[in-house]
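Following: one structure in C-alpha cells, then a few remarks.
Numbered from 1 within each chain, the chains take letters A, B, ... in sequence-line order.
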Amino acid sequence: MAPEGTRADEGEGQPGSSMHGVTGHEPFPFMVETVAEEATDLKGRKFSLPVDSEHKARKLKLYSFAPPHMLTFHLSWISFMTCFFSTFAPPPLMPVIRDNLGLTKSDIANAGIASVSGSIISRLLMGTICDLAGPRYGCAILIMVTAPAVFCMPLVSTINGFIMVRFFISFALATFVSCQFWMSSMFNGQIVGLANGTAAGWGNMGGGITQLVMPLVYDLIHKKFGSEIFTAWRLAFFVPGCMHVVMGLLVLGLGQDLPDGNYAALKRAGDKVNDTFLKVLQYGVTNYRTWIFTITYGYCLGVELTVDNIIAEYFYDRFDVNLHIAGIIASSFGLMNFVARPAGGIISDLTGRRYGMRGRLWVLWVIQTLGGVFCIVLGVTHKLTESIVVMLIFSVFVQAACGATFGVIPFISRRSLGIISGFIGAGGNVGSILTQVLFFSSSKYSTETGIMLMGVMTVACTAVLFLVYFPQWGGMLWPPSKATEEDYYGGEWNASEQADGLHRTSLKFAENSKSERGTTAFSGLAPAPVKPSV
Amino acid sequence: MACCHKLLAVTVLFAALFQATEVEGGVRFSTLERNLVVNAQIQSQNVSSGVAKVGVDSLAVQWNLNSSLEIEVDSEYASVKVKLCFAPKSQIDRGWRKTDDDLQRDNTCPKEIATKLYRSEGNFVVWRIPKNVPGGEYFVRAYVLDTQAVELAYGQNTDDAKTTNLITIIPITGRLPSIDIAGIVLSLFSVVSLCSFLLAETLLGRKPAMS
C-alpha cells in the first residue's frame, strides 16, 4: 500500500497533479531510505539505479538505457525532440516551399503562427490525459495521431493546406507535458528538476536538429536521386513522419508509466478527489504572478519558437548562403538548448540557495534582458560572421531564461501549480504568435528590423518581473514583509478547507520552501533548515 | 578606471568593425542604357492558351541592337546574358524577389535563359522552361556584358513599368501519385497500429500491479 502522504493521499487525477514534481522543488512527503539492495522490479530483477521507497530513481545516468528509469528518460526526450523536429521541419526548406506553393510573406507568417497555435490547446488537454491514462499512452497516442498530419505535408498544394497542416502538426508539441509528467513519475524529487530540465532542453533541441537534417535530406534526394526540387522537399518530409511512427511504437512497446508497471494496472488507493477544478482554477487565475510569468515566458520560449521559424530563411535571404548552409547556421540556435536550458535552471538554483527567491528573480531578469539586448544586436548586425556569433550568444541567454523561469514557477502556488504551469507554457506559445504577427507578417518591416523590434519588446516585457512580490521573500526591489511561507501557501485555502485539513500538503511544501530565503546575511531572515518531512 | 577605458576602447573598436566597409556594390541598373530590342513568345503545343507550362512549353527569344541608335555604342559589347525576370505582380509581399538598383543585390531575375556572344542582330534562342521555375508572371531581359562581365546595357520585352507583354508560367505541383499513396498508406499504418496496440493491451490485460 502506498505510505501516508504519497500521491494516493493527494489523489491522482486531481487538477494540476500532473505537474507536481515538474521541477523537483517540491518535497516528496515520504521516507527516502535507500532500498537499492532489496528493490526489484516486476520481473524480480534488481533496479540498475539506486531507488527510493517509491522505486523512483535517485540518480540520473545519462549514458544508460536500462529499464525502467533511464529507458523512460531517453524514450521521453527523444519523443519530445521528434515532435519539435516535425513542427519546425518546414522553415529550413522554406525557400523551396515558398516557390512551390507561391507563398507570400504573410502566408509564411500565418503558417508560422499556426505552427505554434495548435499546441496551446493540446498542452492544456495533455495534462488531463496523462492524469487519466498515463504518460505512456498520452505520449504514444499524440505522436502517432499527429503522424498523419506530418504525412499530409508532402500532399499539400495550396496555401491554406500548408497552414492547416502546420497547425495540426503543432498539436504534437504537447509531448512536453507527457515528458515532464513521465520524468516526475520515474525520478526522485531531489533530481527530478535536473531530469526535467535536461529532457526539456534536449527535446527543444529538435528545433535545431531539424534545421540541420532537413536540408541535408533534401539535398540528398535532389542531387543524388535526381528529383525535381518541388518533389524533393516533399519526399524529405517522410523522415519526420517515420520518426513519429517509430517513436510511437517504441514508446508503446518499451515504455512503462511507473517504475513498477503501467498506469491502469495500478489501483489508486483513495480515489477521492481532494480538490475541485474550479477552486484550483480560481487560485491560479487570481494570482497575479501567474500572468506576469505568462508574459515573460512568452519572451523567452516565445522568442525561441519564433526564431526557430524565421532564422533559416533570414540567413538564406540576407546573406545569400545556400540552403544547407543556412540550415546549419540556423540549427546552431536550437542546438544550444543542449546545455543552455539546463544551465539556466542550475544558475537559478545556485543563486536561490544563496540569495533566495530575490536572487532567482534578479538572475531571471538579467538573463532574459540580455537575451533581448542580443536580439536587438542581431537585428542590426550586417555581416555574416558577426551575425552568427551574436545569434549564438542570443540563443544561450534566451534558452537559459526558459530554464531559469522553471526555477521560479513551482513557488508561485502549491495548490494550483499544474494549471499555472499550463498557463505559463501556453504563454510561451502566445508570445510567439504575438511576435510573428507584429513583426514578421507583413512586408512593412524587413526581417532584420523585425528581429530588432522583437528584442526591444523582450526587454520591455521582461521588466514586469519587477512587479513580482512574494510577501515572505520579497521582490526584486522590495524586502520581505513579516508574512511567512505558511501564510502564503496556506492562504490558498479558505477557513473551512483549512479546518478540514486539506491544506496539509501545502504546509509541508511551505516548510520546505524556506530554502528560498537564502542565507541569513542576504535576507535577514532566519533560514529554516530543510528537514525531510515524514 | 583604466579597465573601463580599455573596455570602452574595445567596444568602440567592435562597433567600428561592425560598421566596416560594405561589400563593393555592382553596377547600378539606372545607369544602363536600353540599347537592345528584345522579343519573347511562348512556343506551346496549345497555342491559344497564352500561358506556358514548365517542362512542356518553351520560350522563343530574339534580341538585336536598336537600329535607330546613331553612334557606335557596341564597341565594348562582348556577350549577352538573357534572363527570365519576375514581373511586379509576382514580387508583391515577397521580399526575396525584390528589385534593387544595385545589380549585385538585385533579385528580380532568378533564371538564366542563355548566354551568347554579342552580335548586333540575328540572335535567337528557344528555351524549354525547366521544371524548377516557380509559377507567376515574368518578362525577359537581356544584359549586355563587356569582357570583364560587367553590365553595360540591357533590353527587355516589356515596357519600363513592366506591365505589358508579360508571360504567365504554370508550375508543376511537385506531387506525384506515388508520394500521395505512400503518405496515405503510412498514415493508415500509424493509426491502425496504434489502435491495434491499444486494443491488444485492453483485451489481453495489463501486467499485475505492485506497489
Which heavy atom of [X] sits nearest a heavy atom of [Y], and at what distance?
{"X": "B:W96", "Y": "A:K105", "value": "CH2-N, 4.0 Å"}
{"X": "A:A140", "Y": "B:L194", "value": "O-CD1, 4.2 Å"}
{"X": "A:T231", "Y": "B:G174", "value": "OG1-O, 3.0 Å"}
{"X": "B:S187", "Y": "A:F151", "value": "OG-CB, 3.4 Å"}

Exercise for the section: Answer with side chain, backbone, both or neither: which region of A:I108 has an atom nearer than 4.5 Å to a non-hydrogen atom of chain B? Expected result: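 Only the side chain of A:I108 comes within 4.5 Å of chain B.
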Handout entry: Engaged part of A:F237 at the chain B interface, taking heavy atoms whose separation is under 4.5 Å
Key =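 Contact with chain B: none, neither part.
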[X] atom [atom1], neighbour heavy-atom count above 12 within 6.0 Å:
{"X": "B:F189", "atom1": "CZ", "result": "no"}
{"X": "B:K116", "atom1": "NZ", "result": "no"}
{"X": "B:E33", "atom1": "CD", "result": "no"}

Practice task
Could you look at B:I172 and say if it's the side chain, the backbone, both or neither that has a heavy atom under 4.5 Å from chain A?
Solution key: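 Interface part for B:I172: both.
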Practice task
Counting only heavy atoms closer than 4.5 Å, note whether B:L188 contacts chain A via side chain, backbone, both or neither.
Solution key: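 Interface part for B:L188: neither.
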Would you say the side-chain atoms of [X] pair up with the backbone N or O of [Y], donor to acceptor, closer than 3.5 Å?
{"X": "A:N100", "Y": "B:T173", "value": "yes"}
{"X": "A:R234", "Y": "B:D180", "value": "no"}
{"X": "B:S190", "Y": "A:M144", "value": "yes"}

Handout entry: Residues of residues 153-162 of chain A contacting chain B, heavy-atom criterion under 4.5 Å, by residue number
Key =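 Expected list: A:P154, A:L155, A:V156, A:S157.
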Handout entry: Neighbourhood of chain B inside residues 89-99 of chain A, taking heavy atoms under 4.5 Å as contact
Key =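 Residues in range: A:R98, A:D99.
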In terms of heavy-atom pairs under 4.5 Å, which option from [options] contacts chain A the most?
{"options": "B:V133, B:I179, B:L176", "answer": "B:I179"}
{"options": "B:P134, B:P171, B:A182", "answer": "B:P134"}
{"options": "B:R97, B:K131, B:R175", "answer": "B:R175"}
{"options": "B:D93, B:I92, B:N132, B:N107", "answer": "B:D93"}

Problem - Most chain B-contacting option - heavy-atom pairs closer than 4.5 Å, from A:D317, A:L252, A:D320 - result: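 Heavy-atom pair counts peak at A:L252.
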Practice task
May I ask you to name which of A:T104, A:V145, A:L101 has the most heavy-atom pairs under 4.5 Å with chain B?
Solution key: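 Heavy-atom pairs under 4.5 Å are most numerous for A:T104.
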Problem - Straight-line distance of A:S443 OG to B:K98 NZ, nearest 0.5 Å - result: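 If we round to the nearest 0.5 Å, A:S443:OG and B:K98:NZ are 9.5 Å apart.
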